[in-house]
Amino acid sequence: MDKTYQPNAIEQQWYQTWEESGYFKPSGDTSADPYCIMIPPPNVTGSLHMGHGFQESIMDALIRYHRMQGDNTLWQVGTDHAGIATQMVVERLLAAEGKSRHELGRDKFIERVWQWKEESGGNITRQLRRLGASPDWSRERFTMDDGFYKAVQEVFIRLYEDGLIYRGKRLVNWDPKLHTAISDLEVLNEEEQGHLWHFRYPLSDGSGHLVVATTRPETMLGDTAVAVHPEDERYKHLIGKTIKLPLAEREIPIIGDDYVDREFGSGCVKITPAHDFNDYEMGQRHSLEMINILDADANLNDEVPEKYRGMERFAARSQVVDDLDALGLLEKTEPHTLKVPRGDRSGVVIEPWLTDQWYVKTRPLAEDAIKAVEDGRVNFVPDNYQNMYFSWMRDIQDWCISRQLWWGHRIPAWYDTDGKLYVGRSEEEVREKHNLGGIELTQDEDVLDTWFSSGLWTFGTLGWPEDTAELKAFHPTSVLVTGFDIIFFWVARMMMLTLYFKKEVPFHTVYVHGLVRDSHGQKMSKSKGNVLDPIDLIDGIDLESLVQKRTSGMMQPHLRDKIEKQTRKEFPEGIAAYGTDALRYTYYSLASTGRDIRFDVGRIEGFRNFCNKIWNASRYVLQNCEGYDCGQDGGEDFELSLADRWIISQLQRTEKTVREAMDTYRFDLASQALYDFVWAEYCSWYLELSKPVLWDENVSQAVKTGTRRTLIRVLETILRLAHPLMPFITEEIWQRVKALAGTSGDTIMLQPYPEADERRIDTGAEAAIAWLKVVTEGVRNIRGEMNISPAKKIPLLLRGGSEEDRERLEACRSLLTKLASLESITWLDSGETAPASATALAGDLELLVPMAGLIDVAAESARLQKEIDKLEKELARVRGKLDNPKFVDKAPAHVVAKEKDKLAEMQSALSRLDKQLRAVGEL
RNA sequence: GGGUGGUUAGCUCAGUUGGGAGAGCGACGGCCUUACAAGCCGUAGGUCACAGGUUCGACCCCUGUACCACCCA
């Protein structure tokens, strides 16, 4: 083995072996518990970002953990066609060639998208493999493959036939850049600085005017009423009168509606039913005329006075303001903070616009979806996310599922020349079913919202609408791993659609994780230039390439410079190659309960070092076991030492902790428990404790065999315990270790996951080694504080102490000598005077290191004084507690007793330290 | 405006029935001690956001306040 752990030397090779050997497939053992996770399908043409890395790592840990427990385990993988996102990318590619999709035409364009999918579609799955993810690649699906198309059609048609899908002319969120409707969820409302303009609207009868306030003056050209509160004393007498709408020169009514907030502005509201969702509602209530003043580009159309026709919306806005001002109708302009709706893909301001769209009637579907969570058939981890789910579900709006795109599942609906609608699987089917003969039919131009197809993911991937064996075996699935931002988009839709069509929940548990942010808590984004690529953390990247990567394709040069500077400052050496295992371990250590995680490169380095630690510990173990009897043949000819029994005991506790953590999705606690055990117990103590045994000729063969057996078997168990978290290094080492540990098998992936055996918990051995540690640390403290070279062997005198202390010393004498680097250990008789010494305490036992030539008086006095000060502070607190009669009376007896013991112990320690301080002072 | 989460060492974070505040990184001092300098040994550093309350006892439970983040309107 190399002296240093080199992740790139092992990772790729193992992955290939695993995949080729078919280890990722379900065992097919139907008598075992099924375990199934559906991957949230990433965008087929996307690339892996930190959020994916985090999410896939969590899923893979769960999958490997369950696979090792013998479950019939399926991780279903696949990609999403991602309608808008993918279409935008391809349109941008075309634009670079100076073409538009309209020039190409629909069929050619779609062909082009498929071509792009073929070119770039392997990217994300390749990256997934780099993470060590172990899904069943043989079952990979795509949301637009043939089987999925069938499922999507089936769902659409049945929902339509059941009256749950309808077509209607409604206000939608219109994206004027992408020329499509989008759902409420795809609209981001961000606060922006704008203005509030106050206009005077003259009453038709010339008796005065009303003042209305608006943030969107151009919409006044489409006003069809002014509303006031029906009980507003200022205005209620005006209800029923009319306004002469300026510029448009139309008469519009004044209406009363209690939606109006009397406190806001003047208490009068202009109503534009065709361009505002609230106004639309009011328009419905009052049967107001709807005047659409915008075209698909959000330019003004022919419904407005000639002057404004064809104007861009924001140009029209200032023109309207200017013109009203010129007419003396602008009362005032105020700065105003408002929420501006923007498309999450295009970034442009969304316009409420009146169009024909397809909708899913969600209320009936939501009822079951709510119930399933209420009665615990589905539970959220952490559970507070169910509130988010409930609040949205209970106030759900109908879902606009049609998109005016070309890339996606085309809506299976046809119109005859009279506009009559037919829904069916194909034109032929529709013709036949409705006896249409040869009349002309045209298919609906729209495609379905991407989330409509991903909503079928859990059962669509398993073969539905066929009644497959996979559906029986794996549905409902076990757990869904996802970010909270996707709860509405995806989780909610899967719940509704799956419950409706499968009559069962899509999954039992939803594990919700947070967002991956940078080390300062900022969202990672291209424009901030703080994006980390998981692959760069695995393979490393030099500074110039990183700068190049972060600043390429930047529109704004000033951002470019800033990002370059900041990158050079943060990564002066570029990024080192930390390897997949270290990256994954970092994710796990940060994955506490559903909160956002800040990714700090310092952490990943620490875990790379941890990998190196395991690597080198293994080297040591192998060096000392290869070619020796390690009990691998099942012989009984060995004897377990105190240290052996201790580390085995600690191992049981660790196994228990890790399993509990994994079972409760506390990957942070699992990784922490493992890290502590491996580094702080196994490496720092047990390996050191094994040396005096293996290197001492006087130790019996049986004890040496016991130690070797324990070294190798504990290591082998550690590897299995860690495998779900760090798959590569554990496999690499396990292959070298398995035979010596008396086990066999082709891969660690399919070995049983360690389980604690309570019978092997040995409290006696634990207490003995705890004693050894305290004494060792006492001596080390003196050595460290007194700057005594580690190479210098020193004599140790012991005084006081109990019979138990003496027994423990005899049990551990050689271990202590080695660990504390001692020249000799001498037990002083009670009457015997000690030479001038530095002192440390281990309970009742005094540890004395003679000062001659090693320790100077001043330093030792200072050290003792420090100890005394610390102890006195503690003592004062405990004494205060015990002096309080209320505490003594009311606290449970065992707590009081414990405090009393503590007090006595500290008093005794203090008096001995005092005595020692005086003795040192007299020198 | 409604809701959720957060505030613990310089930084990133643990702390699960209320009973002596922890880890990693960083800092400081000492070491190439035959697995590992990506290491070893030692040390320092915290009024657990603030104010009340409950309790013999509060990082933990309750109330309120401040600030941060996110979701919804």
Side-chain angles (χ1 to χ4, degrees), chain A residues 1-6 184-185 189 278 339 382 384-392 395 484-485 487-488 514-515 517-523 576 578 582 586 589-624 660 664 666 668-669 671-673 675-676 679-680 683-684 687-688 690-691 695 711 776-777 779-793 818-821 863 866 874 877-878 880-882 884-892 894-896 898-899 902 906:
Chain A
M1 283 174 84
D2 289 341
K3 189 170 169 182
T4 312
Y5 158 67
Q6 302 289 352
D184 296 343
L185 289 174
N189 290 292
N278 289 319
K339 294 272 181 140
N384 54 297
Y385 281 103
Q386 74 174 39
N387 298 331
M388 203 163 132
Y389 172 85
F390 283 140
S391 68
W392 191 71
D395 188 35
F484 66 88
D485 48 332
I487 290 178
F488 308 139
L515 250 48
R517 297 168 175 278
D518 75 4
S519 60
H520 310 291
Q522 296 287 311
K523 235 178 191 166
Y578 297 113
T586 311
S589 72
L590 293 169
S592 62
T593 51
R595 21 187 296 188
D596 288 356
I597 64 173
R598 299 186 183 197
F599 196 94
D600 186 354
V601 175
R603 293 293 293 256
I604 193 175
E605 186 175 347
F607 292 120
R608 190 271 319 260
N609 295 352
F610 179 52
C611 292
N612 190 50
K613 192 74 181 172
I614 294 177
W615 186 261
N616 277 293
S618 304
R619 282 179 61 222
Y620 167 81
V621 172
L622 288 170
Q623 280 163 17
N624 285 284
E660 278 168 5
T664 52
R666 288 302 302 271
D668 58 330
L669 300 182
S671 66
Q672 180 72 39
Y675 184 99
D676 284 347
W679 199 313
C683 292
S684 291
L687 260 45
E688 294 308 317
S690 74
K691 290 173 185 175
W695 299 351
L711 274 172
T776 305
E777 281 161 352
V779 177
R780 282 179 181 170
N781 173 276
I782 292 171
R783 190 191 283 279
E785 294 274 289
M786 294 302 132
N787 267 337
I788 300 169
S789 156
K792 172 83 184 162
K793 298 250 194 286
K818 168 74 174 69
L819 261 52
S821 192
R863 197 184 64 89
K866 199 167 73 177
E874 277 293 297
R877 230 183 43 197
V878 175
K881 234 174 178 179
L882 286 166
N884 180 354
K886 287 179 182 166
F887 170 73
V888 181
D889 290 347
K890 297 200 174 176
H894 73 273
V895 174
V896 177
K898 202 168 135 198
E899 292 297 316
K902 217 189 298 178
M906 284 193 282

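Chain letters run A, B, ... following the sequence lines, proteins first and then strands; every chain starts at 1.
- Residue A:K792 is out of contact with every strand shown, counting any heavy-atom pair closer than 4.0 Å.
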Short N/O separations, protein against nucleotides 37-40 of chain B, under 3.5 angstrom:
from   : atom 1 : to     : atom 2 : distance (Å)
B:rA38 : O4'    : A:N609 : OD1    : 3.1
B:rA38 : O2'    : A:N612 : ND2    : 2.7
B:rA38 : N1     : A:Y5   : O      : 3.4
B:rA38 : N3     : A:R608 : NE     : 2.8
B:rG39 : OP1    : A:N609 : ND2    : 3.0
B:rG39 : O3'    : A:K613 : NZ     : 3.0
B:rC40 : OP1    : A:K613 : NZ     : 2.8
B:rC40 : OP1    : A:W679 : NE1    : 2.8

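- Nucleotides B:rG52 and B:rG57, compared at atom P, are 15 Å apart to the nearest Å.
- Comparing the P positions of B:rU54 and B:rU43 gives an interatomic distance of 41 Å, to the nearest angstrom.
- Which of B:rC70, B:rG30, B:rA14 sits closest to the side chain of A:R666 comes down to B:rA14.
- With both ends at atom P, the span from B:rC61 to B:rC48 equals 16 Å, rounded to whole Å.
- Residues A:L882 and A:V896 have side chains in contact (heavy-atom distance under 4.5 Å, counting atoms from C-beta outward).
- For B:rG30, the OP1/OP2 oxygens have no side-chain nitrogen or oxygen of A:R783 closer than 4.0 Å.
- Taking atom CD of residue A:E688 and atom P of nucleotide B:rA35, one finds them 8 Å apart after rounding to whole Å.
- Atom-to-atom, CG of A:D395 to C1' of B:rC72 comes out at 9 Å; the value is rounded to the nearest Å.
- Counting heavy atoms from C-beta on, the side chains of A:R666 and A:E660 never come closer than 4.5 Å.
- Base engagement by A:C683 is indicated by at least one non-hydrogen atom pair under 4.0 Å involving a base atom.
- Side-chain contact check for A:N616 versus A:Y5: every heavy-atom pair is 4.5 Å or farther apart.
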Exercise. Decide yes or no on salt bridge (charged side-chain N to carboxylate O under 4.0 Å, His left out) for A:E777 and A:R780, but give the supporting numbers first.
Key: CA-CA 5 Å; A:E777 281 161 352; A:R780 282 179 181 170; 5.5 Å; no

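- With hydrogens and angles ignored, a donor-acceptor pair closer than 3.5 Å exists between the side chain of A:R603 and the base of B:rU12.
- At least one side-chain heavy atom of A:Y620 sits under 4.5 Å from a side-chain heavy atom of A:S690.
- Distance check on atom C1': B:rG46 versus B:rA27 gives 16 Å, rounded to whole Å.
- As rounded to whole Å, 16 Å separates atom P of B:rG10 from atom CG of A:D600.
- Residue-environment remark: NZ (A:K898) stays at or below the threshold of 12 foreign heavy atoms within 6.0 Å.
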Practice problem: Any chance you could lay out the side-chain contact (heavy atoms from CB on, under 4.5 Å) test for A:L515 and A:F484, step after step, and finish with the verdict? | Solution: CA-CA 8 Å; A:L515 250 48; A:F484 66 88; 4.0 Å; yes

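- A:A582 approaches A:C611 most closely through the heavy-atom pair N-SG, 4.1 Å.
- If you check every strand for non-hydrogen atoms under 4.0 Å, A:D889 touches nothing.
- Each of A:R877 and A:G602 was assigned the nucleotide of RNA chain B with the nearest heavy atom; the assignment lying further toward the 5' end belongs to A:R877.
- In this structure, A:K793 atom NZ and B:rC31 atom P are separated by 17 Å, rounded to whole Å.
- B:rC28 and B:rG10: their C1' atoms are spaced 13 Å apart (whole Å).
- Distance, A:L669 CG to B:rA23 P: 16 Å, rounded to whole Å.
- Here the side chains of A:R863 and A:N781 are in contact, with some heavy-atom distance below 4.5 Å.
- Inter-residue side-chain proximity for A:T586 and A:F610 is flagged as unmet; no heavy-atom pair is nearer than 4.5 Å.
- Side-chain contact between A:M388 and A:F488: present, with at least one pair of heavy atoms (C-beta onward) separated by less than 4.5 Å.
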Self-check item: Watson-Crick or G-U pairs under 3.5 Å in RNA chain B, rendered as dot-bracket with [ ] for crossing pairs and | for another strand
Solution: (((((((..((((.....[..)))).(((((.......))))).....(((((..]....)))))))))))).

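- Spacing between atom CD1 of A:I782 and atom P of B:rU43 amounts to 12 Å, rounded to whole angstrom units.
- For the pair A:N624 and B:rA35, the criterion of a side-chain N or O lying under 4.0 Å from OP1 or OP2 is not met.
- Rounding to the nearest 0.5 angstrom, the gap separating the NZ atom in A:K613 from the OG atom in A:S618 is 11.5 Å.
- Regarding contacts with the backbone of B:rU33, every side-chain N or O of A:K818 stays at 4.0 angstrom or more from both OP1 and OP2.
- For the pair A:Q386 CD and B:rU4 C1', the interatomic distance rounds to 13 Å; values are reported in whole Å.
- Taking every side-chain heavy atom of A:L590 into account, B:rU12 is the closest of B:rC31, B:rC70, B:rU12.
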Review item, nucleotides 55-62 of chain B N/O atoms under 3.5 Å of protein N/O:
from   : atom 1 : to     : atom 2 : distance (Å)
B:rC56 : OP1    : A:K890 : NZ     : 2.6
B:rC56 : O4'    : A:K886 : O      : 3.3
B:rC56 : O2'    : A:N884 : ND2    : 3.2

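- Separation of the P atoms belonging to B:rU17 and B:rG22 is 16 Å when rounded to the nearest angstrom.
- Rounded to whole angstrom, the span from the CG atom of A:L711 across to the P atom of B:rA35 amounts to 12 Å.
- Of the N and O atoms on the side chains of A:E605 and A:N609, not one donor lies less than 3.5 Å from an acceptor on the other residue.
- Closest to the side chain of A:R517, from the set B:rC72, B:rC36, B:rC70, is B:rC70.
- For A:P790, counting side-chain heavy atoms from C-beta on, the closest listed nucleotide (B:rC72, B:rU33, B:rG19) is B:rU33.
- Contact annotation for A:L687: base contact, defined as any heavy-atom pair under 4.0 Å involving a base atom.
- No donor-acceptor contact under 3.5 angstrom links the side chains of A:Y675 and A:S589, judged on distance only.
- For the C1' atom pair drawn from B:rA49 and B:rG29, the interatomic distance equals 34 Å after rounding to whole Å.
- Nucleotides B:rC25 and B:rA38 place their C1' atoms 13 Å apart, quoted to the nearest Å.
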